[in-house]
Each structure stands twice: as structure tokens, then as C-alpha cells.
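Structure first, then comments.
Letters A, B, ... mirror the listed sequences (proteins, then strands); counts begin at 1. This one's a predicted model, so the numbers in the text were calculated from it and none came from an experiment.
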Amino acid sequence: MKLKIIIISVFSLFVYSFSVAQTIDETYDFANQQFRLGNYQKALVEFQRVAFFDSQDKYNDVYQKIGDSFFALNDYNMAAQNYSVAIRIAQTDSLQIELIFKKTNCFFKQKNFLLALNELFVISEPESAYLKNKYHLYLATSYFGIGDYNSALNYFGELIPRQMSEELAEIFEDFENYNQRFRPDKIKTMSMLLPGLGQFYTGNILKGLNSFVLIGGIAVATVFIWQAYGFLNAFLSTSSWYYRYYTGGYKHAKDLAVHKLEHKREVVYQSVLQLIEENIDKVK
Amino acid sequence: MTRNTIMNWSVSKVGNILILLFAFLLFAGKLNAQNNDPYGFKNLKGLFEAGEHVIPKYSSTGDKQKNELEFILATGFNTYKAFFSSQDNPSCVFYPSCSVYSVEAFQQKGLFLGTLYTFDRLSRCHRLVKANEYIYNPEKQRFYDPLK
């Protein structure tokens, strides 16, 4: 019995000497390593463990890291929540502003540009040129997202040299004209007046022809039935079909206009962003 | 006494310098890679991508050769989707839509059961659908009802 106890004690001590728990520093390094390798889920769990056990607040940036992990996993709500915590405990103003940008990015990804703008209003105009430029870039993107193109132009204009503002203004003027030309309600009205006209106007010839032939065919059928069986029969048998494809036709025309404008918006934004990316370093 | 010039350096000395230079360039490259997008343009670029709506098209998925019935079904479905459905109001309360569901039913269950499945779906597709029996997708604003 004595021998048994001695053997168990020695064995326990032997095991204990080798089984050392992972320290918080090791966990933090491991999490960073996993993040770099792209294992965001694993990194997230480890960063959360660090946040839980870090009673001395040694790792202040851990909430930012948790936010980054959630962001990489496309969970933008959770990322924004963790960035909010990181913003509250940030030790410098510049870090706080960078974190606000990160939080704003979460709202951008969710297409919630109004909330992004609301977040950016917390920042007072930064003094450093880099942060000021970034602030203007994010403000401009938010205004562009909510459709306030004049404000977007003003802030985008701050990010390029003065001599290039004319080029930028031209891009926006062209976009404004395009928006006026393909106003969705205008296209819808055109298709209400003559089925297919709105589709033709937006450049969708086949779809316009499709709508015109379909609704025209129903109208012709109505006239034939009217002549052969009377008005009531014609009304009862074709009115529902006519209504269905007539209303569907002009709604689709409106959708086509919306799509066309969305495509143009994408092209305009890309060209503006490219212009800024190429010239932002030249802004004093 | 010889002067210490580059010409007098030994091969090992030059080798050490080259290694150091290589390590410096590698490190500098890494630093540069970390800071090459301080404004976050990469994140901003895809923000306003416009989506594309693609009309579903019937195509044979089975190993069997196409027969006449399948040809008629495919042509009918594709004509309906391209010519009629594209002009219609979005009235179907389910997704996949009734026509897609019907084609899948014919493909997977055969002619007889496929017809029954189609009529079953058409009889359930209306605005008084029992909401608690289906999963609602807010993005599509439709109830999910796949072929089982």
C-alpha cells in the first residue's frame, strides 16, 4: 500500500512538472499567429480567452483584435460592438480615431451609410494630415452612400490637388446628368404610357419588345373576344392578365432604370476612388 | 601597413555584408507591405458593386440522355421564364419560385409525381400562406420551400 502511494505521488509530481498551463502571453502570441495565418475563428476564440483572463489590462488592444477577427469572419455587428469597447479604452486620440474608422467600415459593409456618417460625426477634424485625409475620405464615402453627391464631391475634392478638382467636378456633373436622364419614375411613366418604351429608353431593346408584344397581344385578344362574345366576356377573361403584365412591365422598367443607375454609381465611385488613390499623397 | 579598402575585403566579409543587406531588404519589404494601404482603399473599393439578376435557366443535371419529353419541358420552362415570367409582377410567395420548383419536381420525381408536386405547390402559393410552417427570408421577402 505504502509503495503504491509513493509510486502515485512520484508519478503525479512528474506529470505536474511537465504540465504547465499556457500563459496569457503565449495565448496572445498564438492568437496573433492564427490571425496572420488566416484562421480567424481560432484566433477569435484565443483573443476572447485573453480578454477574459487579462485581469491586469496588459493587452489593451485585444478588443480591437477581437473586432478584426469578427470583421474577417464577416460578422460586422459583433465587430462593431468590439470596436466600440476598444474605442472606450483607447489610450490615445489617434488610436481612437483609427478605431472609429474601423467601426465605420463595419457599417459600410452593411450598407448602412447613415449610421457610418453618425459615427464619423463623433470625430472632430483631426490635425494630422493623414488622419484628416482619411476622415474626409470616409465622410465622402458616407455622403456618396446616402446619395448626397454635393457633400461627397466637397469632401472628395479635399483629397486631390486643386488643379484636379475640375476633373472630379466633371465626373460628378456627368453622373448628375445621367441620374436625371434615367430617373426611375420617368422610365416608369414612359412604360405606363406605352408598354416597352421605358425599356427601350434604358437600352434594353429585347425586354422592351417583349413587353410590347406581350401586352399588345393581350390587347388584341381582348378586342377579338369583345367582338365575338361581348364586352363583359372580354373584360372578365383578359383584364386580370392585362393588369398583371401591364403593371409588371412598368415595374420592371423602373427596376431596369434603378439597375442602370446602380451600375453607373459603381463606375463613378471606382473612378473617383482611383483618382484619389493616385493623388492623395500629393495633397498637402 | 595596408589600407582597409573594399578591394582588400575577404570573401567571407563580403558574404556577411550581402546577407545583412538581404535581411534588411526583406524586412523593409515586410514593413512596406504592412503599410501599403493606410487609407483602407481595399475595403472601400467594392462598396457600391451593383448586383446582377440572372434568370434561372433549365439544364439537364441527370446522367440520362435527353429525351423528347425533357426537351419539351426545358423549352417550355425557358420560354416561360424569358418571355412571360420576366414581365410579370413578383407574385410568388416562395423561393425557389413555382416554375423552378416544378422543373425540379419533374426532374427528380418523374412525370406523375412531378405533376402532383407542381399542383400541390401552386395550390399553396397565395397571400394567405401559413407563415409558421415555413422559414421566412427577409432579404428575398419570400418563404423558403424547397423540393423535399
Side-chain angles (χ1 to χ4, degrees), chain A residues 71 98 101-102 104-106 108-109 111 113 116 130-131 133-134 136-138 140-142 144-145 159 195-196 199 206-207 210-215 241 243-253 255-256 258-270 272-274 276-277 280-281, chain B residues 26-58 75-95 97-100 122-123 125-128 137-142:
Chain A
F71 190 86
E98 282 287 5
F101 290 145
K102 284 192 172 197
T104 309
N105 248 326
C106 297
F108 282 167
K109 291 283 180 190
K111 309 277 177 209
F113 296 100
Y130 156 70
L131 285 176
N133 281 348
K134 199 165 179 179
H136 287 161
L137 178 65
Y138 277 58
T141 304
S142 304
F144 194 87
L159 302 165
Q199 285 91 328
L206 277 176
K207 284 182 179 170
N210 186 171
S211 180
F212 183 75
V213 170
L214 191 62
I215 297 165
W241 292 103
Y243 171 78
R244 187 171 171 168
Y245 289 110
Y246 176 72
T247 53
Y250 67 68
K251 279 178 192 166
H252 278 284
D255 285 347
L256 286 174
V258 170
H259 261 276
K260 207 170 170 71
L261 293 181
E262 276 176 2
H263 274 284
K264 182 71 179 173
R265 190 163 82 141
E266 183 189 351
V267 172
V268 166
Y269 181 71
Q270 292 293 349
V272 169
L273 218 56
Q274 196 182 345
I276 289 165
E277 199 173 4
I280 196 163
D281 293 329
Chain B
L26 198 74
F27 185 62
K30 276 200 168 182
L31 271 181
N32 190 34
Q34 278 175 356
N35 293 320
N36 62 1
D37 187 20
Y39 293 102
F41 282 110
K42 200 177 138 199
N43 269 328
L44 297 177
K45 268 179 186 165
L47 281 183
F48 296 97
E49 264 177 26
E52 288 287 345
H53 174 67
V54 182
I55 296 171
K57 209 167 181 185
Y58 172 84
T75 312
F77 173 75
N78 288 336
T79 309
Y80 170 75
K81 271 291 182 192
F83 192 66
F84 293 97
S85 181
S86 65
Q87 300 298 320
D88 199 359
N89 274 315
S91 52
C92 193
V93 296
F94 295 117
Y95 84 92
S97 68
C98 291
S99 52
V100 174
L122 288 171
S123 67
C125 182
H126 50 74
R127 292 285 155 193
L128 299 174
N137 185 330
E139 206 174 292
K140 288 183 185 280
Q141 298 194 325
R142 276 167 178 65

Subject >> Proximity breakdown for Lys134(A) and chain B, heavy-atom pairs closer than 4.5 Å >> reply: both
Original post:
For His252(A), is it the side chain, the backbone, both or neither that has a heavy atom under 4.5 Å from a heavy atom of chain B?
Top reply: side chain
**OP:** Could you look at Phe108(A) and say if it's the side chain, the backbone, both or neither that has a heavy atom under 4.5 Å from chain B?
**Re:** both
Original post:
So, Phe113(A) versus Phe144(A), ring centres under 6.0 angstrom or not?
Top reply: no
Subject >> Pairwise distance CZ(Arg244(A)) to CZ(Phe84(B)) - rounded to 0.5 angstrom >> reply: 10.5 Å
Subject >> Toward chain B, the part of Leu137(A) with a non-hydrogen atom under 4.5 Å >> reply: side chain
Subject >> chain B contact via Lys102(A) - which portion, at a heavy-atom distance below 4.5 Å >> reply: neither
Original post:
Can you name the one residue among Asn133(A), Asn105(A), Thr104(A) that meets side-chain hydrogen bond (donor to acceptor under 3.5 Å, both in side chains) with Tyr138(A)?
Top reply: Asn105(A)
Subject >> Largest heavy-atom contact set with chain B, pairs under 4.5 Å, which of Thr247(A), Ile276(A), Asn210(A), Leu206(A) >> reply: Asn210(A)
**OP:** Grab the two heavy atoms, one from Phe77(B) and one from Val100(B), that are nearest each other, plus how far apart they are.
**Re:** CE1-N, 3.9 Å
Subject >> Shortest non-hydrogen contact from Thr75(B) toward Thr79(B) >> reply: O-OG1, 2.6 Å
Subject >> Heavy-atom contact with chain B under 4.5 Å, split by part of Phe71(A) >> reply: side chain
Subject >> Region of Glu277(A) in contact with chain B, defined by heavy-atom distances below 4.5 Å >> reply: both
Original post:
Do you know the tightest heavy-atom contact between Cys98(B) and Leu122(B)?
Top reply: CB-CD2, 4.0 Å
**OP:** State, with a plain yes or no, whether a side-chain heavy atom of Gln87(B) is found less than 4.5 Å away from one of Gln199(A).
**Re:** yes
Original post:
Quick one: what part of Gln274(A) sits under 4.5 Å from any heavy atom of chain B, side chain, backbone, both or neither?
Top reply: neither
